[in-house]
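Inspection log for the structure reproduced underneath, given as structure tokens.
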Amino acid sequence: MPRSPNLRGVYRNDLPARAAYAEGAGIYRIVPAAVAIPRDVADLVELVRWAAREEMALIPRGAGSGMGGGNVGDGIIVDLTRIGAGGIRLEPATLRAVTAASVTHAALNHAAGTHGLRLPPDPSSGRFATLGGMVATNASGARSVRYGSVRPWVEAIELVTAEGDVVQLARGSAAAEVNGGAFQRFERDVAPRIRDAASLVAARFPRTRKNS
């Protein structure tokens, strides 16, 4: 095991901590190598850059309510629930909300409800599911036939790339407009191939209300 990262948050590789994060809501049980709970975005950047140097896999995790198995793994579980905890800024006039990934669906709708608003997709775990996890899994629920899944309701997102760059992606913006080596490489090496195959992608893309 490499030397531990220099975090201000929590980093543990003892068996009790690892066992506590070995399961999500699904059927899978995989004991991770360690558990990291970064305190803020700067802490997360430090962790990501350390993992890149040490060639360690990171598994991001919110509430662990996803059933598909994406919240468990044999690398390092990154519990993101402390970053921006409780951070919600409502903009009722523009029907927008700016939140932290750790905010739950229930907390957002409780705050938005005072203005007669809500985020319509409603996964069964919405009482405790985090918005970051909902976006990552394209969560939906009983209202998905009418309102679709959560991804179309997202206008922009801030993320940390595998190189430790903090970038913001806005719907409709080109990868070339985003600062960060990963997106510049995408625009150079990947985007042209996607554009060349646009007609094939359109023809074969599933005609479903939800596609993850």
Side-chain angles (χ1 to χ4, degrees), residues 7-12 17-18 20-28 30 32 34-45 47-48 51 57-73 75-91 95-114 117-144 147-162 166-171 210 212:
L7 300 184
R8 288 172 292 112
V10 175
Y11 183 86
R12 292 177 57 176
R18 293 160 57 207
Y21 284 84
E23 298 181 22
I27 63 173
Y28 307 99
I30 305 174
V35 175
I37 310 177
R39 181 181 295 181
D40 51 27
V41 173
D43 228 13
L44 177 60
V45 168
L47 175 65
V48 169
L58 300 179
I59 301 99
R61 176 172 171 136
S65 60
M67 300 184 68
N71 46 26
V72 294
I76 299 173
I77 298 291
V78 185
D79 183 334
L80 299 170
T81 55
R82 289 192 184 179
I83 298 180
I88 302 175
R89 187 177 81 241
L90 296 175
E91 300 174 0
L95 305 182
R96 291 184 175 93
V98 180
T99 79
S102 59
V103 171
T104 65
H105 179 259
L108 173 60
N109 276 354
H110 177 74
T114 61
L117 302 173
R118 68 179 180 182
L119 178 64
D122 61 333
S124 58
S125 58
R127 183 173 57 85
F128 50 89
T130 63
L131 296 175
M134 287 179 61
V135 172
T137 59
N138 196 23
S140 59
R143 300 193 188 105
S144 61
Y147 296 107
S149 53
V150 76
R151 196 165 294 158
W153 295 87
V154 179
E155 290 193 358
I157 190 167
E158 183 180 83
L159 56 86
V160 179
T161 71
V166 181
V167 301
Q168 289 190 346
L169 299 182
R171 187 175 296 279
K210 177 181 177 181
S212 295

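Numbering starts at 1 and runs along the sequence shown. Quick caveat: nothing in here was measured; it's all calculated off a predicted structure.
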Can you tell me how far [atom2] of [Y] sits from [atom1] of [X], rounded to the nearest 0.5 angstrom?
{"X": "Arg143", "Y": "Ser149", "atom1": "CZ", "atom2": "OG", "answer": "14.0 Å"}
{"X": "Arg118", "Y": "Leu108", "atom1": "CZ", "atom2": "CG", "answer": "12.0 Å"}
{"X": "Arg39", "Y": "Leu44", "atom1": "CZ", "atom2": "CG", "answer": "14.0 Å"}
{"X": "Tyr11", "Y": "Ile76", "atom1": "OH", "atom2": "CD1", "answer": "4.0 Å"}

Quick check: closest heavy atoms across [X] and [Y], and the distance to 0.1 Å?
{"X": "Gly70", "Y": "Ile59", "result": "O-CG2, 3.4 Å"}
{"X": "Val72", "Y": "Ile77", "result": "CA-CD1, 4.0 Å"}
{"X": "Ile88", "Y": "Ala107", "result": "CD1-O, 3.8 Å"}
{"X": "Gly24", "Y": "Asn71", "result": "CA-OD1, 3.9 Å"}
{"X": "Gly62", "Y": "Asp79", "result": "O-OD1, 4.4 Å"}
{"X": "Ser65", "Y": "Phe128", "result": "CB-CE1, 3.5 Å"}

- Would a 4.5 Å heavy-atom cut-off, applied to side chains only, mark Tyr147 and Asp122 as touching?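 Heavy-atom side-chain distance check fails, nothing below 4.5 Å.
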- Message: A side-chain contact here means heavy atoms from C-beta on lying under 4.5 Å apart; do Leu80 and Thr130 qualify?
- Response: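 Of all side-chain heavy-atom pairs linking Thr130 with Leu80, none is under 4.5 Å.
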- Message: Keeping Arg12 on the side-chain end and Val35 on the backbone end, is there a donor-acceptor pair under 3.5 Å?
- Response: no
- Message: Between Arg18 (side chain only) and Pro32 (backbone N and O only), is there a donor and an acceptor less than 3.5 Å apart?
- Response: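 Pair found, side chain donor or acceptor close to backbone of Pro32.
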- Message: Would you say CZ of Arg127 has more than 12 non-hydrogen atoms from neighbouring residues, nucleotides or ligands within 6.0 angstrom?
- Response: no
- Task: Inspect the surroundings of CZ in Arg82 and state if more than 12 heavy atoms from other residues, nucleotides or ligands are less than 6.0 Å away.
- Result: no
- Apply the side-chain contact (heavy atoms from CB on, under 4.5 Å) test between Asp43 and each candidate in Val10, Leu7, Ile83, Ile37; give the one that qualifies. Leu7
